[in-house]
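Note sheet for the following structure.
Numbered from 1 within each chain, the chains take letters A, B, ... in sequence-line order.
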Amino acid sequence: MKAFDYVAPRDLGAAVALLAEHGASAKILAGGTDLLVELEAAARVPKVVVDVSRLKELKGIAVTDGGLRIGAASTHNEIMRSPDLRNLFPALVEAAHTIGAVQTRNLGTLAGNLVTCVPSMDSGPALLALEAEVGIMSPRGAKRMPLAELFVRPRKTSLKPDEILTEIVIPKANLGKPSAFLKFGLRKGQALALVNVGVAAWIKKDCFVAPRIALGAVAPTVMRATRAEAFLDGKKVSEEAMAEAGRIAATEAKPISDFRASADYRRDLIETLTKRALATAVARAQQSAKEAVA
Amino acid sequence: MIDVTVTINGVPRKASVPAETTLLKLLREHFMLTGSKLGCDVGDCGACTVIVDGKPVNSCLMLAAQVDGREVITIEGVGKREHLHPIQKMFEEAGAVQCGFCGPGVIMSAKALLDEKPDPSVADIRDALSGNLCRCTGYTKMIEAVQDAARILRGETAAKPRQLELSK
């Protein structure tokens with residue numbers, strides 16, 4: 001690795017001040033599972049690496065007044081173990097479990113996965129289906145925006161060099177919305193998704209209400225299948241309706257052919273995974289309805 | 001240069017290293033703890049696995065500066081040649097080691113698992129070892145070795161007899 005300076009700021013304010021001072025010549029280090037790999041091979045390294053991995057402001061997973069807040073530097077392993085997430089948003093736990101392996105899940109962070117902005121990221125579809133928002137801090141203060149606005153194109157987010165992602169929030173209205181995540185890779189461990197799907201839907205009077213379907217690895221960024229969602233909204237729960245939503249979702253995606261899979265194969269996967277993920281979310285909705293009665 | 005104070009295998013140590021030094025490089029080249037192996041250097045192979053504050057991590061993906069004030073356990077802290085850890089002993093007995101390069105990393109992953117979960121399922125073991133690549137033996141014997149070690153660590157008597165008796 002080429003030489004750089006390392007700073008571990010004592011708090012978020014100090015971190016933001018460093019980013020303001022150094023701009024594009026600074027890089028944020030959280031989990032390091034992508035950054036250190038990048039630096040290892042890089043001809044040019046940043047002037048200063050700002051280590052935010054131990055900042056308390058970026059840690060913690062808890063239900064707050066605004067919804068469920070996940071600190072940006074929460075690791076995938078922390079997400080898998082969070083009782084709140086296991087209980088309220090199994091899709092996020094499932095997605096975290098498919099990232100890398102134990103060693104990388106103990107280092108890699110949720111925000112780190114999002115800011116790589118690769119189309120195959122596993123955190124994206126589940127969070128998009130749950131209409132997550134992201135909190136951002138900069139010298140101009142704190143702001144909040146929908147997660148979808150973070151993704152610009154492969155490896156390009158809308159973050160400015162002096163902005164740092166501080167939290168991911170699932171809005172209060174979606175607390176406990178039944179969700180599911182499925183990924184298809186070429187192996188179980190350490191494999192990139194050929195396709196991944198996150199879904200969330202309320203089931204009321206046996207009908208889909210506000211269904212959300214998000215797809216990864218099949219477009220330049222993680223995307224919502226809005227036509228499939230519109231089709232499903234208000235429909236009675238049935239195998240046919242879920243299968244049709246899968247077919248529509250497959251037509252909305254723009255998968256590419258590469259050495260991992262052909263575009264046609266990826267479209268077939270979207271159909272199947274969407275249908276199965278919806279069925280899982282429905283089963284979870286029915287289970288929690290049963291528990292509510294009991 | 002960055003000053004690092006870190007507890008390694010129970011012993012407080014200090015070092016002053018360039019900022020771009022990885023934890024793996026700190027261990028191998030500064031403290032001469034060469035049990036942790038440099039395989040891929042990009043977090044895929046797991047040969048560099050060490051335990052930091054109780055959690056297994058790829059030491060090639062951490063900067064030395066990031067373990068300041070923390071506790072690191074390496075393979076050198078698990079057992080000694082004359083006093084092997086049950087996991088090491090069972091790896092030997094099960095024939096889970098061929099060239100041995102991946103061994104230290106696999107054993108660190110197994111140790112982290114058993115420290116937390118004394119009675120893991122095969123699925124748990126597979127998941128815990130999924131970040132460690134072995135290019136010689138395959139993984140079945142490793143999984144058996146971890147199961148055997150778990151039995152011993154739980155205080156159960158003998159490990160189940162091996163299916164293949166090589167003697168006679």
Side-chain angles (χ1 to χ4, degrees), chain A residues 1-10 26-42 44-55 73 75-78 80-81 94 96-109 112 116 185 187-192, chain B residues 1-4 17-25 36 38-70 105-106 108-113 116-117 120 123-133 139:
Chain A
M1 252 184 274
K2 296 220 163 58
F4 51 75
D5 288 331
Y6 167 93
V7 191
R10 68 188 176 286
K27 269 278 190 188
I28 298 171
L29 169 64
T33 54
D34 284 296
L35 183 68
L36 289 196
V37 174
E38 197 183 304
L39 296 185
E40 195 70 58
R44 288 177 55 195
V45 297
K47 200 167 143 282
V48 55
V49 166
V50 181
D51 179 5
V52 301
S53 61
R54 287 200 255 186
L55 289 185
T75 66
H76 305 303
N77 191 13
E78 285 163 356
M80 283 168 62
R81 285 159 189 248
E94 287 160 347
H97 198 166
T98 70
I99 296 172
V102 181
Q103 295 96 317
T104 34
R105 291 199 289 268
N106 277 330
L107 292 170
T109 65
T116 59
R187 297 178 305 275
K188 257 193 179 169
Q190 302 211 74
L192 292 184
Chain B
M1 298 294 265
I2 300 278
D3 292 325
V4 183
V17 293
E20 65 275 15
T21 309
T22 62
L23 170 58
L24 177 60
K25 200 168 176 178
S36 308
L38 189 151
C40 66
D41 218 9
V42 291
D44 284 334
C45 77
C48 68
T49 303
V50 300
I51 297 176
V52 175
D53 287 350
K55 296 197 179 74
V57 298
N58 304 106
S59 61
C60 73
L61 291 181
M62 284 187 92
L63 293 176
Q66 292 183 285
V67 296
D68 187 48
R70 292 188 163 170
V106 178
M108 295 315 289
S109 291
K111 182 173 189 308
L113 170 71
E116 199 189 324
K117 210 172 210 174
D124 291 333
I125 299 171
R126 284 178 171 274
D127 194 46
L129 301 191
S130 66
N132 294 86
L133 303 187
Y139 302 99

Can you tell which of Leu35(A), Val49(A), Asp34(A), Val102(A) has the highest number of heavy-atom pairs within less than 4.5 Å of chain B? Val102(A)
Whatever's closer than 4.5 Å to a heavy atom in chain A on Leu133(B) counts as side chain
Does the pair Asp127(B)/Arg105(A) count as a salt bridge with the N-to-O cut at 4.0 Å? yes
Would you please name every residue forming a side chain to side chain contact (heavy atoms under 4.5 Å, CB included) with Lys47(A), sequence neighbours left out? His22(A), Ser25(A)
For Arg54(A), is it the side chain, the backbone, both or neither that has a heavy atom under 4.5 Å from a heavy atom of chain B? side chain
May I ask you to test the Asp41(B)-Met1(A) pair for a side-chain heavy-atom distance under 4.5 Å? no
Report which part of Thr22(B) has an atom under 4.5 Å of a heavy atom belonging to chain A: side chain, backbone, both, or neither. side chain
Contact origin within Met108(B) toward chain A - heavy atom pairs under 4.5 Å: neither
Stepwise, does the side chain to side chain contact (heavy atoms under 4.5 Å, CB included) test hold for Leu29(A) with Gln66(B)? CA-CA 10 Å; Leu29(A) 169 64; Gln66(B) 292 183 285; 3.6 Å; yes
Hey, are the side chains of Met62(B) and Leu107(A) touching, using non-hydrogen atoms and a 4.5 Å cut-off? yes
Is it the side chain or the backbone of Ala3(A) that comes within 4.5 Å of chain B heavy atoms, both, or neither? both
Determine, for Glu40(A) against Lys25(B), whether the closest basic-nitrogen to carboxylate-oxygen distance falls under 4.0 angstrom. no
Which atom pairs, donor and acceptor, lie under 3.5 Å between side-chain atoms of residues 49-61 of chain B and protein residues at least two apart or in another chain?
| unit_1 | atom_1 | unit_2 | atom_2 | d |
| --- | --- | --- | --- | --- |
| Thr49(B) | OG1 | Gln103(A) | NE2 | 2.9 |
| Thr49(B) | OG1 | Gly46(B) | O | 2.6 |
| Asp53(B) | OD1 | Glu71(B) | N | 3.0 |
| Ser59(B) | OG | Cys48(B) | O | 2.7 |

Region of Ser53(A) that comes under 4.5 Å of a non-hydrogen atom in chain B: side chain
Given Leu63(B) and Phe4(A), is the side chain to side chain contact (heavy atoms under 4.5 Å, CB included) satisfied, shown in steps? CA-CA 12 Å; Leu63(B) 293 176; Phe4(A) 51 75; 4.1 Å; yes
Check the surroundings of atom CZ in Arg126(B): do more than 12 heavy atoms from other residues, nucleotides or ligands lie under 6.0 Å from it? no
Sort Lys2(A) into side chain, backbone, both or neither according to what part of it lies under 4.5 angstrom from a heavy atom of chain B. backbone
Heavy-atom closest pair, residues Gly131(B) and Ala101(A): CA-CB, 3.2 Å
